Protein chains: 2
Amino acid sequence: MSTAVIGKGLEGIVAANSGICFIDGEAGVLSYRGIDIHELAERSTFEETTFLLWNGYLPNQATLTEFSAQLAAARELDQRVIDMLRSFPTSATPMEVLRTTVSALSFYDADEKDNTHDANVRKAFHLTSQIAMIVAIYDRIRKGKQIIPPDRKLTHAGNFLWMLNGEKPSETATRTLDIALILHADHELNASTFAARVIAATLSDIHSAITGAIGALKGPLHGGANEAVMRLLLAIDKAGADPVEYVKGMLAARQKISGFGHRVYKTEDPRATHLRRMSEKLCKDAGQPKWFEMSRAIELYINKEKKLNANVDFYSASTYTTLGIDIDLFTPIFAVSRIAGWAAHVIEQLDDNRLIRPRAEYIGPAYPTPWVPVAQRP
Amino acid sequence: MSTAVIGKGLEGIVAANSGICFIDGEAGVLSYRGIDIHELAERSTFEETTFLLWNGYLPNQATLTEFSAQLAAARELDQRVIDMLRSFPTSATPMEVLRTTVSALSFYDADEKDNTHDANVRKAFHLTSQIAMIVAIYDRIRKGKQIIPPDRKLTHAGNFLWMLNGEKPSETATRTLDIALILHADHELNASTFAARVIAATLSDIHSAITGAIGALKGPLHGGANEAVMRLLLAIDKAGADPVEYVKGMLAARQKISGFGHRVYKTEDPRATHLRRMSEKLCKDAGQPKWFEMSRAIELYINKEKKLNANVDFYSASTYTTLGIDIDLFTPIFAVSRIAGWAAHVIEQLDDNRLIRPRAEYIGPAYPTPWVPVAQRP
């Protein structure tokens with residue numbers, strides 16, 4: 001065995017070949033299957049984007065209609081899963097609940113023991129619809145509200161808002177969420193997707209891989225960041241403070257400002273461009289321009305002082321809040337979208353698998369350190 | 001960003017510095033914190049080994065007594081966790097159940113939101129005791145047997161056998177399992193441990209990391225391998241076949257023989273040495289020499305024909321079977337042991353964290369591929 005020390009975090013190390021997501025961090029380019037994220041955000045839908053991620057090309061009308069119908073048909077949860085959701089303490093956070101419930105879904109999936117490509121595509125349909133339903137249903141349960149049955153005539157984004165709020169969503173709300181779902185659907189070997197591939201590469205099942213990915217997404221350095229951004233905006237608002245002065249104080253106290261900088265992008269995160277525009281329009285239309293204005297002031301200051309750009313998390317905070325979504329649902333909604341990419345990566349991994357098993361550089365006590373009897377130990 | 005193509009699987013790539021486990025794959029050396037695995041297998045206990053993995057040195061008598069008492073005191077499950085285990089369909093496999101239930105444990109852990117070193121050590125005590133209990137309790141439930149309450153006077157290995165079987169285990173059985181738990185407790189950046197570190201490195205919680213690790217361990221290229229070995233032995237026995245002829249046939253049909261070869265070891269897996277010896281003694285003492293004899297014949301043949309050595313999984317199959325343990329509990333028992341190493345690695349990762357986020361080499365459609373309106377697609 002020959003090893004090369006490459007430092008922590010695998011930064012800049014290629015861990016897999018992948019045909020799903022092309023990123024040029026220097027040029028600020030993100031594309032799914034070669035198609036630029038700006039084109040997809042402006043012209044595609046979550047359903048079409050999911051088809052693209054799973055199949056590698058854009059569907060024609062007949063194929064898209066069938067795909068969307070299959071996704072809508074998968075809006076089903078075994079009654080025992082709903083009973084399980086009701087049995088959880090309402091203090092459980094939505095991410096803990098999502099992680100646990102997605103793990104339990106395998107009990108009731110007829111394809112659980114089938115790890116072939118076709119079975120995993122079927123499971124990907126189920127998981128994509130079920131994750132959205134679990135997030136919406138648990139939110140209703142913990143608030144003591146009635147569960148809303150799925151509406152298979154609505155789009156994926158529209159049905160999620162319907163099941164969450166119990167009222168038919170506006171076109172603006174549906175399209176805003178749809179764009180957010182497109183923007184978050186994949187991002188190459190981000191930590192949660194990489195975790196999913198590491199798990200799948202033992203030839204484990206897709207439920208194991210997605211459960212692990214949800215656990216990774218939960219972390220504040222990953223999906224948890226947009227929640228931290230909103231908590232900051234709320235703290236500034238509550239204190240009646242000037243946002244720039246507030247952030248200056250945080251920097252002086254060496255506190256981290258979430259929503260800025262990215263391991264991969266050296267220029268603006270292309271997803272931030274759309275979320276900024278959506279945040280501005282939504283906040284103004286809703287008569288709550290403050291969340292956008294505070295965000296923009298902080299962004300300009302951090303740009304200037306720290307040379308850091310806003311990332312995907314920064315404007316999703318004000319966008320989701322203006323849509324009336326609770327803060328602790330921001331990361332679950334990230335999962336509602338990212339399942340499209342996770343599934344694509346797990347299936348790609350299993351189609352041409354190799355165990356992912358790196359080495360560690362040993363820095364512990366010298367070998368051999370003798371075992372000494374307990375009476376002789378200090 | 002500069003990337004270097006390094007192929008799939010991260011083979012030979014260093015992904016972290018770690019002071020926990022030293023392996024020399026050329027020399028067949030495995031050590032925990034510098035202490036050789038042979039010394040630990042012969043002279044240590046699972047409790048002492050767990051202390052060593054978590055703390056980096058061997059405890060004196062007072063410290064070991066306190067540590068063992070703390071682990072025994074953690075033999076507790078919230079009644080709602082037991083109710084949840086009872087609610088699962090008995091068709092659910094023990095690994096699916098373990099993954100789901102470990103995820104749910106976070107609901108009831110008072111330290112769930114505390115990601116400090118000390119809180120994670122407390123959670124590691126809980127998880128180590130709870131994983132063993134969950135495996136034993138679910139096995140009783142699915143078999144329609146009464147749940148056995150934990151006995152805090154027994155060792156970790158002894159209590160597991162007690163809760164599994166409902167009778168006080170023999171000294172030989174307890175010590176055999178204890179040694180197996182020592183041998184499986186850590187193995188550097190194997191796939192499940194690496195998955196745990198990738199998840200923890202987003203600053204997610206230890207329950208997320210361990211849940212993901214269980215999902216990775218479930219795969220047949222990782223923890224699932226010893227189950228495959230036993231299924232092979234049973235198939236040979238059922239067919240009344242000569243083991244060497246049977247395996248020859250499998251090789252001719254290009255079927256994989258589990259339990260041989262290892263990504264890291266180029267010589268004998270040092271853990272196999274102990275498991276071979278235990279298998280031989282146990283099988284003879286139990287009047288069932290056939291499992292050992294079949295295993296040994298297959299090992300010698302694969303050695304000669306394929307130049308592959310038996311790994312940790314090969315003789316654990318006959319060992320566990322002779323202890324009266326069901327096949328689908330082999331991988332869960334791997335988790336009962338490996339939680340010691342997983343916890344050590346998660347805590348080490350969080351003590352000096354950096355997000356683990358590699359890159360992919362893009363091999364998909366050229367960028368930019370235009371988005372075309374649906375009516376114009378083939």
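Note that the coordinates shown come from a computational prediction; the quantities given were computed from them, not determined experimentally. Letters go in sequence order (proteins before strands), and every chain restarts at 1.
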Pick from [options]: which one has the most heavy-atom pairs with chain A under 4.5 Å?
| options | result |
| --- | --- |
| B/Gly212, B/Pro365, B/Ala366 | B/Pro365 |
| B/Thr193, B/Asp24, B/Val97 | B/Val97 |
| B/Ile214, B/Asp205, B/Asp83, B/Val372 | B/Asp205 |
| B/Thr211, B/Leu355, B/Val198, B/Thr93 | B/Leu355 |
| B/Gly364, B/Pro89, B/Ala195 | B/Pro89 |
| B/Pro368, B/Ala201, B/Ser106 | B/Ser106 |

Under 4.5 Å from a heavy atom of chain B, the part of [X] involved:
| X | result |
| --- | --- |
| A/Asp352 | both |
| A/Ile20 | backbone |
| A/Met95 | neither |
| A/His345 | neither |
| A/Ala104 | both |
| A/Pro373 | side chain |
| A/Ser18 | both |
| A/Arg357 | both |
| A/Arg80 | side chain |

As an exercise: rank [options] by heavy-atom pairs under 4.5 Å with chain B and give me the winner.
| options | result |
| --- | --- |
| A/Tyr367, A/Phe88, A/Tyr108 | A/Tyr367 |
| A/Ser192, A/Ala375, A/Ser31, A/Pro59 | A/Pro59 |
| A/Pro370, A/Gly223, A/Pro358 | A/Pro358 |

Counting only N and O atoms by type, is there a donor-acceptor contact under 3.5 Å from the side chain of [X] to the main-chain atoms of [Y]?
| X | Y | result |
| --- | --- | --- |
| A/Asn311 | A/Gly261 | yes |
| B/Ser103 | A/Thr100 | yes |
| A/Arg33 | A/Tyr57 | no |
| A/Asn55 | A/Phe51 | yes |
| B/Ser204 | B/Ala200 | no |

Taking the side chain as every heavy atom from C-beta outward, state whether B/Val102 and A/Arg99 have any pair of such atoms under 4.5 Å apart. no
Counting C-beta onward and ignoring hydrogens, is there a side-chain heavy-atom pair between B/Leu30 and B/Cys21 closer than 4.5 Å? yes
Output yes when B/Lys218 and A/Glu112 qualify as a salt bridge under the 4.0 Å nitrogen-oxygen rule, no when they do not.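 Salt bridge: yes.
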Could you tell me which portion of [X] (side chain, backbone, both or neither) has an atom closer than 4.5 angstrom to a non-hydrogen atom of chain A?
| X | value |
| --- | --- |
| B/Pro378 | backbone |
| B/Arg43 | both |
| B/Glu48 | side chain |

I'd like to check the salt bridge (charged side-chain N to carboxylate O under 4.0 Å, His left out) partners of A/Arg338; sequence neighbours left out, ordered by chain and number.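 A/Arg338 satisfies salt bridge (charged side-chain N to carboxylate O under 4.0 Å, His left out) with no other residue.
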Residues two or more places apart in sequence or in another chain: which of them pass salt bridge (charged side-chain N to carboxylate O under 4.0 Å, His left out) with B/Glu96?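 Result, salt bridge (charged side-chain N to carboxylate O under 4.0 Å, His left out) vs B/Glu96: none returned.
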Centroid-centroid distance, A/His222 to A/His187, less than 6.0 Å: no
Please confirm whether the ring centroid of B/Phe194 lies under 6.0 Å from the ring centroid of A/Phe194. yes
Minimum heavy-atom distance between A/Ile23 and A/Tyr265, given as atom pair plus value: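 Result for this residue pair: CG2-CE2, 3.8 Å.
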